[in-house]
Amino acid sequence: MKKIAIGGGQGFWGDSPDAAIHMIREGCIQYMGCDYLAELTLSIMAKQQLKDPAKGFAPDFVTRILKEAGKEAWQKKIKICTNAGGMNIQGCVDAIHTFAKSQDMKGYKIGYVTGDSIREKIPKLLKDGWTFPNFDYDGDFHEILDKIYNCNAYIGHEGIEEALSMGADVVVTGRAADSALFLAPLAYEFGWADDDWDNLARGIMAGHLLECGGQGAGGNYMYDWRGVPQMDELGFPIAELTDDTFEVTKAPNCGGIICEQSVKEQFLYEVHDPANYLTPDVNVDISNSTITQLGPDRVRVGNVKGKPRPDTLKLCVGYHKGWKTVSMLSFAWPDAYEKAKYCADVIMKKMMRRGMKADDIHISYIGLNSLHLGVADMSEEALKNLNECVMRIAVFSEDKNECAKIIPEISPLQLNGPPGASFFGGRAHVQEVMALWPTTVPRDALDIRAHILEV
């Protein structure tokens, strides 16, 4: 019976390449998927590209993973699918081509998929009546038209699968949906039709269990993080599928854990409605799925069902929102919180006299309520026993000058405020705020194309 093994080699831009390299060297896989893009990553890449047209993609894919194990992967016929192309797919392709030539990898085929970026199509879509409704809040899309950095749709597996059918050894995309990087090789190898909803759903959930790298193998593990072996050598998960089975494991000779609990955590990650997990390729139903331990580091997943895909695609629009300044001062016991709060009061009185006009001000105390906010333990005992507390003031404004007013008032409070203040991290500076406009776009608005460049 045919079995395809595919590994998750990267969970985000900046993730460690160690597990991917180890997987290529010691894992028995035919494919590897490397996910580099979060919601706002493309906005960061777009901003980089404005300053330098050669940038706008994730160079780590070439300089870290391919440099260390790319030729070995090619020699072992391990094909890699990645969305490292970001906002500059051609730039990523060129970097891969340069690498392959330097390694004498003649015949190496670089596949790439274009069409996810639709910024130039916005005027026509608006003219045709598409309003780009915001998922999170009411708003008029016209108000951000002159502030947009990027406009990218989450594309599905079809273009990647086509590139693989053209013989690609590596496939580069822009904003392909994370799980589509893994579904594409499975659909290609097993010949799944574009309306074979149950199998497409199996492939999507295989990708879903791999797309976050180490998080699917004991990293960020809530159930028993102390019991994860060799976290310093954390391996990433591998999915093995046949026509009838779907199992998750990992490479030998590495750390991490594959068990029912770790798989369940990743299985439900970012799934809002288990009966209707919407992706570009299929609407997945995992409401009656099963997760069963078969042996050490091996789990079987069953009863994943699929329904017809949605008519629209998720679209992430990154735009300039305004400016922010984040300032911090730390205080030590005794009375760390009381001193930090008093210091914040002093600063805000100074800001009132300066006439600072902020659109939003957020004051929190690291070590107390910066993460837990309104549900933090603010009891007298908790406050009294704090060893240390960091006052954090964040100021947001659409006017850059307003954000700058607070900067010169922070460091003087080491000597001009309550005792025990410590200034760290250097002088604060005004930073741009990039925001996300999550919406949808008609599927037929995109022109997805697959290409091949041979070395």
Determine the minimum heavy-atom distance between [X] and [Y], stating which atoms define it.
{"X": "Lys76", "Y": "Arg25", "value": "NZ-O, 3.0 Å"}
{"X": "Ile238", "Y": "Ala251", "value": "CD1-N, 3.6 Å"}
{"X": "Ile155", "Y": "Ile448", "value": "CG2-CD1, 3.4 Å"}
{"X": "Ser330", "Y": "Val390", "value": "CB-CG2, 3.8 Å"}
{"X": "Ala239", "Y": "Leu241", "value": "CB-CD1, 3.9 Å"}
{"X": "Ala176", "Y": "Thr173", "value": "CB-OG1, 3.3 Å"}

[X], [atom1] atom: more than 12 neighbouring heavy atoms under 6.0 Å:
{"X": "Gln75", "atom1": "CD", "result": "yes"}
{"X": "Lys47", "atom1": "NZ", "result": "yes"}
{"X": "Lys3", "atom1": "NZ", "result": "no"}
{"X": "Asp232", "atom1": "CG", "result": "yes"}
{"X": "Lys2", "atom1": "NZ", "result": "yes"}
{"X": "Asp195", "atom1": "CG", "result": "yes"}
{"X": "Phe135", "atom1": "CZ", "result": "yes"}
{"X": "Lys71", "atom1": "NZ", "result": "yes"}

Look at the rings of [X] and [Y] and say which category their plane angle falls in: under 30° parallel, 30 to 60° tilted, over 60° perpendicular.
{"X": "Phe141", "Y": "Phe132", "result": "parallel"}
{"X": "Tyr365", "Y": "Tyr337", "result": "perpendicular"}
{"X": "Trp192", "Y": "Phe190", "result": "parallel"}

Euclidean distance, [Y] [atom2] relative to [X] [atom1], rounded to 0.5 Å:
{"X": "Tyr154", "Y": "Leu446", "atom1": "OH", "atom2": "CG", "value": "13.5 Å"}
{"X": "Glu211", "Y": "Leu37", "atom1": "CD", "atom2": "CG", "value": "12.0 Å"}
{"X": "Ser102", "Y": "His97", "atom1": "OG", "atom2": "NE2", "value": "11.0 Å"}
{"X": "Cys254", "Y": "Leu234", "atom1": "SG", "atom2": "CG", "value": "7.5 Å"}
{"X": "Ile366", "Y": "Glu388", "atom1": "CD1", "atom2": "CD", "value": "10.5 Å"}
{"X": "Glu454", "Y": "Met105", "atom1": "CD", "atom2": "CE", "value": "12.0 Å"}

Under 4.5 Å between any side-chain heavy atoms of [X] and [Y], yes or no?
{"X": "Val171", "Y": "Leu181", "answer": "no"}
{"X": "Gln90", "Y": "Tyr112", "answer": "yes"}
{"X": "His157", "Y": "Asp194", "answer": "yes"}
{"X": "Leu209", "Y": "Pro237", "answer": "no"}
{"X": "Asp377", "Y": "His372", "answer": "no"}
{"X": "Leu368", "Y": "Met378", "answer": "yes"}
{"X": "Phe331", "Y": "Leu386", "answer": "no"}
{"X": "Phe267", "Y": "Ser289", "answer": "yes"}

- Message: Gln48 vs Asp52, test: side chain to side chain donor-acceptor pair (under 3.5 Å). Steps then yes/no.
- Response: CA-CA 6 Å; Gln48 288 182 343; Asp52 183 350; over 6 Å; no

- Full working for side chain to side chain donor-acceptor pair (under 3.5 Å) between Asp281 and Thr279: CA-CA 5 Å; Asp281 298 291; Thr279 77; 4.7 Å; no

With distance as the sole test, does [X] use its side chain to make a donor-acceptor pair with the main-chain N or O of [Y] at under 3.5 Å?
{"X": "Glu233", "Y": "Gly255", "result": "no"}
{"X": "Lys250", "Y": "Ala217", "result": "no"}
{"X": "Arg202", "Y": "Thr245", "result": "yes"}
{"X": "Asp198", "Y": "Gly306", "result": "yes"}
{"X": "Trp130", "Y": "Thr440", "result": "yes"}
{"X": "Thr249", "Y": "Asp297", "result": "yes"}
{"X": "Lys314", "Y": "Ala177", "result": "no"}
{"X": "Lys121", "Y": "Ala445", "result": "yes"}
{"X": "Gln431", "Y": "Lys324", "result": "no"}
{"X": "Gln266", "Y": "His208", "result": "yes"}

- Query: Do Asn150 and Ser43 have side-chain N/O donor and acceptor atoms under 3.5 Å apart?
  - Reply: yes

- Side chains of Tyr31 and Glu189, donor plus acceptor under 3.5 Å: yes

- Run through Thr41, Asp35, Asp60, Asn83 and flag the one making a side-chain hydrogen bond (donor to acceptor under 3.5 Å, both in side chains) with Trp13. Asp60

- Task: Please step through side chain to side chain contact (heavy atoms under 4.5 Å, CB included) for the pair Asp104 and Lys106, ending with a clear verdict.
- Result: CA-CA 6 Å; Asp104 297 321; Lys106 185 174 176 57; over 6 Å; no

- Derivation of the side chain to side chain contact (heavy atoms under 4.5 Å, CB included) call for Gln49 and Phe57: CA-CA 9 Å; Gln49 194 177 26; Phe57 64 96; over 6 Å; no

- Which of these passes side chain to side chain contact (heavy atoms under 4.5 Å, CB included) with Val317: Ile148, Leu436, Ile122, Ile118? Ile148

- Task: Decide side chain to side chain contact (heavy atoms under 4.5 Å, CB included) for Lys305 and Asn288; before the verdict, give the C-alpha distance in whole Å, the side-chain angles of both, and the deciding distance to 0.1 Å.
- Result: CA-CA 9 Å; Lys305 300 295 182 181; Asn288 292 292; over 6 Å; no

- Item | Glu158 vs Val113, side chain to side chain contact (heavy atoms under 4.5 Å, CB included): CA-CA, chis, key distance, verdict | CA-CA 9 Å; Glu158 296 96 335; Val113 182; over 6 Å; no

